[in-house]
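A quick write-up on the structure given underneath.
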Amino acid sequence: MQDKYDAKAVEQAVRRRWEERGAFAVKDDDPRPKYYSLCMWPYPSGDLHVGHLRNYSIGDVWARHKRMQGFNVLQPMGWDAFGKDAELKARKEGIHPAAWVESNTANMRRELRELGYMVDWSRELATCNPKYYRWEQHLFLRMWEKDLVYYSPTKVLWDKATGTVVARRDVDDGKVARQDVEVREFPAYQMRLRRYGEELLAGLAKIAWPEKIVKDQQYLIGRSEGMSIRFALEAPAAGLEEIEVYTTRPDTLMGVTYMAVHASHPLAAAAAERDPKIKEFCEQALQILPIDAGNADSEKNGVALDVRVLNPVSGEPVPVWVADYVIDDYGSGALMGVPAHDERDFSFARKYGIPIVRVNALPGADPAAPVEQAEVAKGVAVNSGPLDGLDLAGCVAKLEELLGPKGKARRDHNMSLRDWPINRQMYWGTPIPIIKCAKCGLVPVPDEDLPVELPLDVDFLKEGLASHPEFVNAKCPKCGADAQRECDTMDTFVNSAWYYARFACRDAADEMVAARAAPWLPCDHYFGGDEHAQGHLVYARFIHKVMRDLKILPPESGDEPFAALLCQGMVLGSDRKKMSKSQDNTVMAKDILERYGADTARMYIIGIGNPKDAYPWNEEHVRDHALFLEALWTLARERREQVAAGADAEPAAANGLALKRLQAAIDRNLKEQRFNNLVFGGIHSIRNLVRDNPEDAGLQHQGFAALLKTLNLIAPHVAEELWAGLGYEGLLIDASWWEPIAAAELQGDEQLYVVQVNGRKRDELTVAAGLGDEEVIAAARACANVARHLEGKQVAQAKVVRKPGGHGIVFFVAKG
RNA sequence: GCCGAGAUGGCGGAAUGGGUAGACGCGGCGGACUCAAAAUCCGCUGUUAGCGAUAACAUGAGGGUUCGAGUCCCUCUCUCGGCACCA
């Protein structure tokens, strides 16, 4: 051991030691039980930022702990290497995306290795490798065969400036100028996410995920219960005799004062042909994307059509409007307007002077009271003829009885989840294995022609794949005629929807997911940011189920890809704002890695606070951890002899008990994933205990062992070095965790009681453990300060409460 | 608007099923070592009153339940993150 702690030298030496012993290599056929711990892989943007540092440090605490508990732990790493940012960045700087990605991954791989994460690098994957994406094309083809991907036009936001499809977000964030954006109808390959909606919803009950993510996904799936109700047209129009609407509030049926249809509805289209004003309105309304039907507070616009429908119960006619707040592909693209009991309908009706009729009132409220604002709360029906006095469930039953036999109403349900358009008009992505033939239409590429390789010698600055004749021109696999390849590529969310499965059989040449992956799947624990709650995490769950149904996954892989999930909070800038380039408050992992080394960086980021919460960056606190490790090093050097001497000794009873209690606290914090408490409450406290009891050799030996085992989860290099320096056997990374500590072991031969009178602490009392309640109460009553507070009062109650962990409460309730 | 998280000393943050609020760290104060300083080590450190024992007040605000509330219930304020016209 060096005199002084030199982080860089220690870390290099220790990493070399791990490498020489192959400490990170993972075998599929290891006899230990398996544990698959995965962190969301990074987008290779150049350097690791401190958010990555946090994510991977948290994951590594868990993975190393599982390993020490005796599991064969798989913790792989790879690159989400395709994507728009690489392409845009490359365009801007004139570098090929492939070159950009390669240099970035090289850099980030080095940084990850320097951080000492327990990653089996022989399993590394990158989405831009043809050996990876060929299986994505394979999956696409299998889904195409089963109609799980289909081709249909959809509306998208088109950026005229760059000639690409852009996301709504990018416009909102100002990445794309508003005036350059228009809505275009585009052919799209869509995955049938909706078909799995019910299962995606039900599956949420089977996984240990944060409540927040579960709620977000439930909301995204948006399953609702209601009725579909048919309104007859007063006179047939556009070849229609009736319009069906879906509603979750059939109890407000008698309050319908208009009906609204989407601009693409046949009734609207027919009216547009007759009336130029309606035509103009419809054209404008069609510029609104379905996903963008707004902005909840944007104004609602509409035009009345010269059409009326009849209320199926009362037969009363109401006008039909075309309105821009109607969503094309939700329900039937038409809705019944009930201004009194729906916010949107209310503001629409207000604007156009449409009558507002109360048909619902909370119990006891005046049914004749005017409606001042939309009353959404569910009461009972009023002013509703046959429905009067019924609640929602009652109304549904009544309407079923009244209208059901005539086929005018039925119970129904709906989902707001949409199918998933996966093609992007980008070069840097997985080519879609489809050939477009003038005669045969869309023809899948035969399996033997996979992969459809993305050509690298492309002028991606201009037209991407379309400008590459050797790529574009192909023969139709069906009829042999000249045909063109599909030039769109896949959404990167497809790339990362199945990578967890491929990690388990990284180089399988003949199968997407080989049999040897079976023991690993599903993934036991996943770590990542909650920004993926509604994107990646839904797509991965969907693709897992699809792969299961297509028999791509081994049968034991389960219904869900990730059994447990931890979403770590953000690392904020030192100004407590979200880190961003524009705020100039970003911190890169290398800034701290170079200055202090990996162990200090990891110690800081784990100690920063509860993994789930967001914390601001604080450079001063980084230094504190560096100082701690230095002091620990010095202490360990001083104690080498005592540690060796204590190998066969037991600590003094009180010290042994104190150590056990700290270890129990460490176990609890690990179980609850409160990793920050491992640093201060755990490692620091054990350090203090051994530091303050130098004469207790047994404690030195056991205490340092426990300390280093815990430190191994967080600052593994220095822990490994001290482990060797203090003469412990073998590699620390291979050491086993201590046995779970039973509550009985935490009990000393003395018991501390806090004595309370009327709920206020009045004294402390230490007595031999094992005394009966009466003896303890008697002793408590005898405490001077307690006696003083009880004097002249009647003791109405006296009780002993024993808490686990060696303390208790004695309380007196005194009156008078 | 909806969903979620949060508010505890000068600061970061602890506190197991309601049971010693402020663990541990930083900073501050005092001391040791030193010619001196840095580093290191030791002690003290929520506020107020008191020489002291001790007492009162303290976990965003206000109520409630309880012998006892940071923790449970109700109302409110503020901060952060995500999602948003899904009939």
Side-chain angles (χ1 to χ4, degrees), chain A residues 210-213 215-216 218-224 226 245-249 252 260 288 290-298 300 323-327 329-332 334-338 342-345 347-348 414-418 530-531 533-534 569-570 572 576-578 607-610 612-616 618 620-621 623-625 627-628 630-631 634 664-665 668-669 671-672 674 676-677 679-685 687-688 691 752-764 784-785 788 796-799 801-805 807-815:
Chain A
E211 187 198 1
K212 153 100 175 112
I213 307 290
K215 281 245 163 103
D216 279 357
Q218 283 168 345
Y219 187 75
L220 178 79
I221 295 163
R223 190 186 197 283
S224 68
V245 295
Y246 170 75
T247 178
T248 53
R249 292 297 303 275
T252 62
I288 295 172
I291 44 160
D292 187 29
N295 228 324
D297 19 79
S298 76
K300 293 153 187 50
D324 63 2
Y325 74 99
V326 179
I327 297 167
D329 63 348
Y330 185 77
S332 56
L335 61 87
M336 59 182 219
V338 187
D342 183 278
E343 307 261 3
R344 297 151 297 175
D345 298 348
S347 67
F348 188 78
N414 228 316
M415 256 189 287
S416 54
L417 186 69
R418 281 158 215 289
D530 60 5
E531 67 272 21
Q534 298 201 358
M570 275 186 296
L572 306 170
R576 291 188 163 265
K577 292 197 181 92
K578 206 170 169 173
I608 196 167
N610 188 333
K612 290 175 188 144
D613 294 332
Y615 295 93
N618 187 328
E620 280 172 41
H621 293 169
R623 196 210 46 184
D624 296 340
H625 291 283
L627 292 177
F628 173 83
E630 244 173 70
T634 308
R668 197 176 64 238
N669 284 316
K671 195 171 156 223
E672 292 171 6
R674 299 292 304 269
N676 53 322
N677 289 347
V679 176
F680 296 114
I683 292 164
H684 279 252
S685 298
R687 189 277 307 252
N688 294 350
R691 181 191 60 200
L752 173 75
Y753 290 95
V754 169
V755 187
Q756 297 178 343
V757 178
N758 290 338
R760 311 201 61 142
K761 178 186 170 187
R762 294 304 178 191
D763 214 333
E764 283 176 12
N785 202 39
R788 197 159 69 82
Q797 204 184 350
K799 238 181 150 171
V801 181
R802 292 184 171 81
K803 307 295 288 181
H807 78 279
I809 305 285
V810 182
F811 72 82
F812 296 95
V813 183
K815 286 180 181 155

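Order of the sequence lines sets the chain letters (A, B, ...), proteins ahead of strands, with each chain counted from 1.
A/Asn785 and A/Arg762 make their closest contact through ND2-O, 2.8 Å (heavy atoms, listed as atom of the first residue, atom of the second, distance). Closest approach of A/Gly226 and A/Tyr246 over heavy atoms only: N-OH, 3.4 Å.
Spacing between B/C29 and B/G22 at atom P, rounded to whole Å, works out to 24 Å. For the P atoms, the distance from B/U54 to B/G6 is 37 Å, rounded to whole Å. Rounded to whole Å, the separation between the P atoms of B/A56 and B/U40 comes to 41 Å. Nucleotides B/U16 and B/G31, compared at atom C1', are 39 Å apart to the nearest Å. The separation of B/G1 from B/A23, taken at their P atoms, amounts to 40 Å, rounded to a whole angstrom. The separation of B/C72 from B/U65, taken at their C1' atoms, amounts to 8 Å, rounded to a whole angstrom. Nucleotides B/C80 and B/G30 place their P atoms 40 Å apart, quoted to the nearest Å. Across the C1' atoms, B/G64 and B/A69 are found 11 Å apart, a figure rounded to whole Å.
In this entry B/G81 has B/C3 as its Watson-Crick or G-U wobble partner, both defining distances falling under 3.5 Å. As the counterpart of B/A15, no nucleotide is assigned, since no Watson-Crick or G-U wobble pattern has both distances under 3.5 Å. B/G60 and B/C76 make up a base pair, with Watson-Crick or G-U wobble contacts both under 3.5 Å. In a base pair of the Watson-Crick type (N1 to N3 plus N6-O4 or O6-N4) or a G-U wobble (N1-O2 and O6-N3), with each distance short of 3.5 Å, B/G52 is matched with no nucleotide. B/A21 is unpaired under the criterion used here, namely a Watson-Crick or G-U wobble arrangement in which both key atom distances are under 3.5 Å. For B/A69, there is no paired nucleotide, since no Watson-Crick or G-U wobble pair has both relevant distances below 3.5 Å. In this entry B/G10 has B/C26 as its Watson-Crick or G-U wobble partner, both defining distances falling under 3.5 Å. With both pairing distances under 3.5 Å, B/U40 is matched to B/A32 as a Watson-Crick or G-U wobble pair.
Taking side-chain N and O atoms only, A/Asn610 has no distance below 4.0 Å to OP1 or OP2 of B/G6. In this model, the phosphate group of B/G82 is approached by a side-chain N or O of A/Lys578 to a distance below 4.0 Å at OP1 or OP2. Side-chain N/O atoms of A/Asn676 include one lying less than 4.0 angstrom from OP1 or OP2 on B/A14. Between B/A15 and A/Arg674, a contact under 4.0 Å exists linking OP1 or OP2 to a side-chain N or O. Applying the 4.0 Å criterion to OP1 and OP2 of B/G12, one finds that A/Arg576 has a side-chain N or O inside that range. Between A/Lys212 and B/A5 there is no side-chain N or O to OP1 or OP2 distance below 4.0 Å.
Checking side-chain atoms of A/Asp763 against main-chain N and O of A/Val755 turns up no donor-acceptor pair under 3.5 Å. A/Asn414 places no side-chain N or O within donor-acceptor distance of the main-chain N or O of A/Arg223, the cut-off being under 3.5 Å. Counting only distance, with no hydrogens or angles, the side chain of A/Tyr615 and the backbone of A/Asn610 share a donor-acceptor pair below 3.5 Å. For the pair A/Asp345 (side chain) and A/Val338 (backbone), a donor-acceptor distance under 3.5 Å is present.
Side-chain atoms of A/Tyr219 and A/Ser416 form no donor-acceptor pair, as typed in the model, at a separation below 3.5 Å.
One atom, CG of A/Asn669, and another, P of B/U16, lie 10 Å apart when rounded to the nearest Å. For A/Gln534 and B/G82, the CD to C1' distance is 8 Å, given to the nearest whole Å. As rounded to whole Å, 13 Å separates atom C1' of B/C26 from atom CZ of A/Arg687. B/A21 atom P lies 6 Å from atom NZ of A/Lys761, rounded to whole Å. The separation between A/Ile221 atom CD1 and B/C83 atom C1' is 14 Å, rounded to whole Å. Remark: C1' of B/A15 and CD of A/Glu672 are 12 Å apart, rounded to the nearest angstrom. Atom CG in A/Leu417 sits roughly 13 Å away from atom P in B/A84 (whole-Å rounding). The nearest whole Å value for the distance from the CZ atom in A/Arg762 to the P atom in B/U54 is 11 Å.
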- request: Show the numbers, then the answer: is there a salt bridge (charged side-chain N to carboxylate O under 4.0 Å, His left out) between A/Asp329 and A/Arg418?
  value: CA-CA 9 Å; A/Asp329 63 348; A/Arg418 281 158 215 289; 2.5 Å; yes
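Of the listed nucleotides (B/C3, B/A15, B/A5), B/A15 has the atom at the smallest distance from the side chain of A/Asn677. The side chain of A/His684 sits closest to B/G25 out of B/G81, B/G13, B/G25. Taking the side chain of A/Gln756 as heavy atoms from C-beta on, and the options B/C41, B/A14, B/C67, the nearest nucleotide is B/C67. In this structure, of B/A5, B/A55, B/U20, it is B/A55 that holds the atom nearest to the side chain of A/Arg788. When the nucleotides B/A55, B/G4, B/G27 are ranked by their closest atom to the side chain of A/Asn785, B/A55 comes out on top. Taking every side-chain heavy atom of A/Phe680 into account, B/C24 is the closest of B/A55, B/G81, B/C24. Comparing B/C3, B/C26, B/U20 against the side chain of A/His807 picks out B/U20 as the nearest. Set against B/U20, B/A55, B/C3, the side chain of A/Glu764 has B/U20 as its closest nucleotide.
Under the 90° criterion around 0 for the glycosidic angle, B/G9 counts as syn.
Among the protein residues, A/Asn414 comes within range of no part of the nucleic acid, since none of its heavy atoms lies under 4.0 Å from any strand. Within 4.0 Å of A/Asn688, counting heavy atoms only, lie sugar-phosphate atoms of the nucleic acid but no base atom. Looking at heavy-atom distances under 4.0 Å, A/Ser347 makes no contact with the nucleic acid at all. Backbone-only engagement by A/Met570 is indicated by non-hydrogen atom pairs under 4.0 Å involving sugar-phosphate atoms exclusively. Within 4.0 Å of A/Ala334, counting heavy atoms only, lies at least one base atom of the nucleic acid. Using a 4.0 Å heavy-atom criterion, one finds that A/Leu572 contacts no nucleic acid atom at all. Within 4.0 Å (heavy atoms only), A/Phe812 reaches no atom of the nucleic acid at all.
Nearest-nucleotide assignment on RNA chain B puts the 5′-proximal partner with A/Arg691, out of A/Phe811 and A/Arg691. Residues A/Asn618 and A/Arg760 both approach RNA chain B. Their nearest nucleotides, taken by heavy-atom distance, put A/Asn618 toward the 5′ side.
In this structure, A/Glu620 places its CD atom where only 12 or fewer heavy-atom neighbours from other residues, nucleotides or ligands lie under 6.0 Å away.
Between A/His625 and A/His684, the ring-plane angle classifies as perpendicular under the 30° and 60° cut-offs.
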